[in-house]
Protein chains: 2
Amino acid sequence: MSRKKRVTSYDVAREAGVSQSAVSRVFRPGFSASDKTREKVLEVAKRMGYKPNAIARMLITQQSGIIAVIVSSRANVNYPEVLSQLNKSISQRQKRVLLFTLDSSDDLDELLESIWTFQVDGVIALAAHFEERSLEQLAQHNIPVVLYNRNVPEANANSVCCSHERGIKQLIDILHEGNHRSYLIISGPEDSDVANERREIASQYLTQLGYSDTPIVYGDYSYESGREALARWLKNNNLPDAVICSNDIMAIGVIDELRENMKLSVPDDVSVVGFDGVSAASWYSYQITTIRQPLEQLTKAAVDILMERIENPDSPPETRVLVGKLIAGNSTKPRG
Amino acid sequence: MSRKKRVTSYDVAREAGVSQSAVSRVFRPGFSASDKTREKVLEVAKRMGYKPNAIARMLITQQSGIIAVIVSSRANVNYPEVLSQLNKSISQRQKRVLLFTLDSSDDLDELLESIWTFQVDGVIALAAHFEERSLEQLAQHNIPVVLYNRNVPEANANSVCCSHERGIKQLIDILHEGNHRSYLIISGPEDSDVANERREIASQYLTQLGYSDTPIVYGDYSYESGREALARWLKNNNLPDAVICSNDIMAIGVIDELRENMKLSVPDDVSVVGFDGVSAASWYSYQITTIRQPLEQLTKAAVDILMERIENPDSPPETRVLVGKLIAGNSTKPRG
DNA sequence: TATTTTTTTGCATTCGAAGTCATTGTTAAT
DNA sequence: ATTAACAATGACTTCGAATGCAAAAAAATA
């Protein structure tokens, strides 16, 4: 009931015997005020429990200090972790993260409108599927965007990503040099850009090495889908020498399916590789050969690029590609 | 350069030949305007690309439509998942999530000030350590709070949590009835309230069953810490019949340590139980006996309670305790 | 048709801090 | 002492939408 009325800069000004402008200046870094008033104002402000109202400040400065982070609901398993890191990194720069989830791609326009109404300083999109049109929409409003793990080379967009090409080729090289002669690709869902990219790279590189028409089955990045995808394939087909999975979690599913239901050994009977380098990949029971995404560097790069565009809106678009680290595990071994 | 100027309600008003108030009312649900003006305004607004400025609206209405979510950096492994769910649930109610991370407990005051500055409608705190004093601070500002998995019975706070007591007693009952006669507790970090609660419950219940002074070793919730904690213990002590871990991830670490370095079998040589019911707990290689937290129901309850307090600030404080589901896995089996 | 009731409407003000501009006070230079 | 240069200050306006109030218009009643 007795909703305590907010203490405003006017209240402090009156109490301290100065003008409202003076109070404002004291709380604005880089604005001048004599030591005497500064001291006085800070003292009174503290006593009265005054804090500048962020909303009012946003309105007048046209700067919210808010970064919108869009996470697609079809998000990769390790995005939650990325999100925490992003938040930490952004908080350290005195900005805040406003979260948005993107369910289906068709309400993206609406989402962007909504983002715009918050006057956010910038946007980081985690693997959401962005049309070029949407990017332009944000560009029109002068809102810088950084795409995370979403390379849109044709568009003039800022982006950071882990080099899927480099990583997958490294994994395949290991298998190829280890005399694996037949392959199966277990891809992530078809509506995931990352999954599509990883699958295409693998498929093409295998063709280049002389294994054309490598079979592909689809999962949804989950453990169960990895198991099912493999089981489905083996029902009517022979065991390949190696299984290339679009992520670690499906690779773990594949390994468990091979061990439990097929009574086969990994890596003795078949090699399995994953991608991402999630922590479970290194657990004793799996020890997957995989590519570890440099998550920290990726998020750092994303935030760095974004902040640069916020401070200097005319910086040209930049794409930063980081190379993941090959983890040579025990889920692969040379054949014959 | 040519920073497109924002379209304001005045612009729309002028173009549509009505007053600014009329435009405002058209965009405010539940306010009256004749069909004629409504139609006209909407048409013009659409044509000009007008959307009400959320910041200005917040300032005048004193309502931000923003929910602050505080995640402690010492967060339990499955909080990222909780966070996604919370965000989804809150978005569905047309509110937004503003993320805050809490590093050390001493800057909580500052964090709360900062939260207050944003005029958030409510706060959800994920397992952050909250003093009663902090809760009062928010209460003074009339900001409702819901604590997630943080039961503060003495304080007049809203909270939701999974019944650790019920869950842990169930797990211990299984072990006790399965003739396990010596125990080891592997607890989460001492600065985690949840870990402390789980440990205390286990310890006291074991005492009650006649196993006083059950040894306790500490980890930090991580896989490695589970392995290390067990290894450290076994260096100078005998193998217990059962190991009770504060979470699944440490239980997985314990199992791997037993298998890899001790060459022991789980559950033949020793039983292991966890807590949380994370997805990895059910993987073939582990199949941990554990308690699955009803995450979805918990987040739903948290959001429900919060929304209720926002709409009706005088609702009395409420604590909702949900019971987790026992998952009888293969990491335990009766002795002798 | 006259009158009452109800619905629409616009004017003016409000939210709270920031910034513009002109003025005053202070210090440095001549 | 006198001017120039500069720092500090307050009065006033701004950001953009919401809303109390009174006037106007429309609808309902007599």
Under a plain distance cut-off of 3.5 Å, with no hydrogens placed, do E308(A) and N158(A) share a side-chain donor-acceptor pair?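 There is no such pair between these side chains.
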N53(B) or S34(A): which one's nearest nucleotide on DNA chain D is closer to the 5' end? S34(A)
Does the dA11(D) base have a donor-acceptor partner in the side chain of Q20(A) within less than 3.5 Å? no
Between the base of dA17(C) and the side chain of S21(A), is one N or O donor paired with an acceptor at under 3.5 angstrom? no
Rounded to the Å, how far apart are [X] [atom1] and [N] [atom2]?
| X | N | atom1 | atom2 | answer |
| --- | --- | --- | --- | --- |
| F27(B) | dT9(C) | CZ | P | 15 Å |
| R6(B) | dC15(D) | CZ | P | 13 Å |
| E39(A) | dA8(D) | CD | C1' | 16 Å |
| M48(B) | dG16(D) | CE | P | 13 Å |
| D35(B) | dA27(D) | CG | C1' | 14 Å |
| D11(A) | dG16(C) | CG | P | 9 Å |
| M58(A) | dG19(C) | CE | P | 15 Å |
| Q62(B) | dT13(C) | CD | C1' | 15 Å |

R96(B) bridged to D121(B) by N-O distance under 4.0 Å: no
Atom NZ of K300(A): over 12 foreign heavy atoms under 6.0 Å: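 For K300(A), atom NZ is not crowded (no more than 12 foreign heavy atoms under 6.0 Å).
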Looking at E113(B), I want to see if its CD is surrounded by more than 12 non-hydrogen atoms of other residues, nucleotides or ligands under 6.0 Å.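 Yes, enclosed.
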With a non-hydrogen cut-off below 4.0 angstrom, is [X] in contact with a base, only sugar-phosphate, or nothing?
| X | answer |
| --- | --- |
| K51(B) | sugar-phosphate |
| V18(A) | sugar-phosphate |
| T61(B) | sugar-phosphate |
| S24(B) | base |

Taking salt bridge (Lys or Arg N to Asp or Glu O under 4.0 Å) as the cut-off, I'd like each qualifying pair that reaches into residues 31-46 of chain A, sequence neighbours left out, listed once. E43(A)-R47(A)
Nearest to the side chain of L59(B), which nucleotide is it out of dA17(C), dG16(D), dA17(D)? dG16(D)
I want to confirm an ordering. Mapping Y10(A) and R25(A) to their closest nucleotides on DNA chain C, which one lands closer to the 5' end?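 It is Y10(A) whose nearest nucleotide is closer to the 5' end.
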By nearest heavy atom, map R28(A) and S19(B) onto DNA chain C; which one lands nearer the 5' end?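 Between the two, 5'-proximity favours S19(B).
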Please tell me if Q119(A) has a side-chain N or O lying less than 4.0 Å from either OP1 or OP2 of dC15(D). no
